[in-house]
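Contents: one structure, followed by commentary.
Proteins come first, then strands; the chains are lettered A, B, ... in the order of their sequence lines, and each starts at number 1. Note that the structure is a prediction, hence the values are computed from the model and not measured.
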Amino acid sequence: MAATAGSRQLVRHSWSPAYREAVGIQEDLRRRLVLTDRFHRPLRTVAGADLSYERRRNLLFAAVLVFSWPELRLLEIGEEVRPAAFPYIPGLLTFREGPAMTAILERLRHWPDLLVCDGQGIAHPRGLGLAAHLGVLFDLPTIGCAKSRLIGKYTMPGVAKGCRSPLVDDAGRRIGTVLRTRRDVKPVFVSPGHRVGLESAADLVLQLVSRYRLPEVTRLAHHHVNRLRLEHCPPAG
DNA sequence: GCGACAG
DNA sequence: ATCTTGTCGC
């Protein structure tokens with residue numbers, strides 16, 4: 001772990017650690033997490049990040065889309081295409097997706113006030129899912145909005161849009177919110193990343209939702225990486 | 001040993 | 001995440 005000058009990423013570490021080393025990195029970065037609302041300034045821009053994977057060529061297609069807040073006008077698209085250099089291991093997703101995401105963040109011209117990631121925030125075995133991890137590396141306010149559970153217990157929230165129930169860890173501490181973003185549709189799992197409180201994380205995600213299950217910023221990022229993949233890997237070959 | 005397991 | 005065919009509904 002080292003401090004860095006001349007870049008937005010304030011902390012650096014290996015992106016190809018052995019399992020035990022990766023766990024150590026997460027445990028270390030976890031101590032730097034800020035779990036209350038500490039935005040650098042009032043919200044003016046919000047970004048969404050997502051990634052697509054092409055098996056045959058082992059390629060990752062990542063994108064970060066920056067939008068104005070609250071109008072959600074698209075301001076910038078950051079992209080990165082590169083080989084996957086780390087396998088998917090539950091609990092170590094950041095080591096697979098992190099390199100592409102950090103490369104994009106380093107190049108953005110519009111630095112977002114908030115980043116929403118497709119994955120967990122603190123709802124993670126060591127309290128440092130993808131969103132929390134990226135937040136600490138850049139001291140960037142982040143929220144994790146995952147489509148399924150990694151850890152934690154919960155009761156299913158009501159079927160109406162906006163219904164929520166707490167996500168709780170084994171020690172009984174609250175780690176996130178199971179949020180119904182659309183009537184009768186499977187809820188999302190929201191947890192704070194960095195510099196955002198538990199309640200605010202769910203509130204913000206709900207504000208970012210329109211008529212679909214996922215918040216607009218990650219939904220559009222998802223669309224974008226799929227387009228990006230099709231450009232590089234046309235259906236036929 | 002078994003079950004669980006973001007993307 | 002991807003792969004993969006059909007199916008159901010607005």
*Look at atom CZ of A:R173 and say whether more than 12 heavy atoms of other residues, nucleotides or ligands are closer to it than 6.0 Å.*
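No, CZ of A:R173 has 12 or fewer neighbouring heavy atoms, counting only those of other groups under 6.0 Å.
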
*Under 6.0 Å from the CG atom of A:D170, do we count more than 12 heavy atoms belonging to anything else shown?*
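No - once you tally the heavy atoms of other residues, nucleotides and ligands closer than 6.0 Å, there are 12 at most.
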
*Tell me, which stems hold DNA chain C, with a stem being 3 or more Watson-Crick or G-U pairs in a row and both distances under 3.5 Å?*
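Paired runs of 3+ in DNA chain C: none detected.
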
List the atom pairs, donor and acceptor, that lie under 3.5 Å between side-chain atoms in residues 185-194 of chain A and the rest of the protein, sequence neighbours left out.
{"unit_1": "A:K186", "atom_1": "NZ", "unit_2": "A:K147", "atom_2": "O", "d": "3.4"}
{"unit_1": "A:S191", "atom_1": "OG", "unit_2": "A:G121", "atom_2": "N", "d": "2.7"}
{"unit_1": "A:S191", "atom_1": "OG", "unit_2": "A:I122", "atom_2": "N", "d": "3.4"}
{"unit_1": "A:H194", "atom_1": "ND1", "unit_2": "A:V34", "atom_2": "N", "d": "3.1"}
{"unit_1": "A:H194", "atom_1": "NE2", "unit_2": "A:D139", "atom_2": "OD1", "d": "2.9"}

*Among A:D28, A:L29, A:V23, whose side chain to side chain contact (heavy atoms under 4.5 Å, CB included) with A:I25 holds?*
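The option that passes is A:L29.
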
Salt bridge or not for [X] and [Y], using N-O below 4.0 Å?
{"X": "A:R73", "Y": "A:E71", "value": "no"}
{"X": "A:R20", "Y": "A:E27", "value": "no"}
{"X": "A:E76", "Y": "A:R107", "value": "no"}

*Starting at the 5' end of nucleotides 2-7 of chain B, put B wherever the base has a protein heavy atom under 4.0 Å, S where only the sugar-phosphate does, and a dash everywhere else.*
--SBBB

_Worked verdict on A:K161 versus A:V209 for side-chain contact (heavy atoms from CB on, under 4.5 Å)_ = CA-CA 10 Å; A:K161 176 175 180 174; A:V209 168; 4.0 Å; yes

*Between which residue ranges does DNA chain B form stems of three or more consecutive Watson-Crick or G-U wobble pairs, both distances under 3.5 Å?*
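Output for stems: empty, none.
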
*Take A:R41 and A:R44, measure what side-chain contact (heavy atoms from CB on, under 4.5 Å) needs, and give me the verdict at the end.*
CA-CA 8 Å; A:R41 66 180 190 197; A:R44 293 199 325 214; 3.3 Å; yes

*What do the steps show when you test A:F95 against A:I89 for side-chain contact (heavy atoms from CB on, under 4.5 Å), and what is the final call?*
CA-CA 9 Å; A:F95 292 91; A:I89 299 172; over 6 Å; no

*Can you run down the ring-ring contact (aromatic ring centres under 6.0 Å, His included) pairs that involve residues 31-83 of chain A, sequence neighbours left out, and say none if there aren't any?*
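Of all non-adjacent pairs touching residues 31-83 of chain A, those that pass ring-ring contact (aromatic ring centres under 6.0 Å, His included) are A:F61-A:H232.
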
*Whole-Å distance between C:dA1 P and A:L228 CG?*
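From A:L228 CG to C:dA1 P: 15 Å.
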
*Send over the distance from A:R57 CZ to C:dA1 C1', rounded to a whole Å.*
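Interatomic distance, CZ of A:R57 to C1' of C:dA1: 17 Å.
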
Distances for protein N/O vs nucleotides 8-10 of chain C N/O pairs under 3.5 angstrom?
none

*Phosphate contact (C:dT2 OP1 or OP2) by A:R229 side-chain N/O below 4.0 Å*: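 So the side-chain polar atoms of A:R229 do come within 4.0 Å of the phosphate oxygens OP1 or OP2 of C:dT2, strictly under.
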
*Answer yes or no for A:R219 and A:Y212: cation-pi contact, defined as NZ/CZ to six-membered ring centre under 6.0 Å and angle to ring axis within 45°.*
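Verdict for A:Y212: a cation-pi partner in A:R219.
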
_Side chains of A:D37 and A:S200: any donor to acceptor distance under 3.5 Å?_
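The answer is yes; a qualifying pair exists.
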
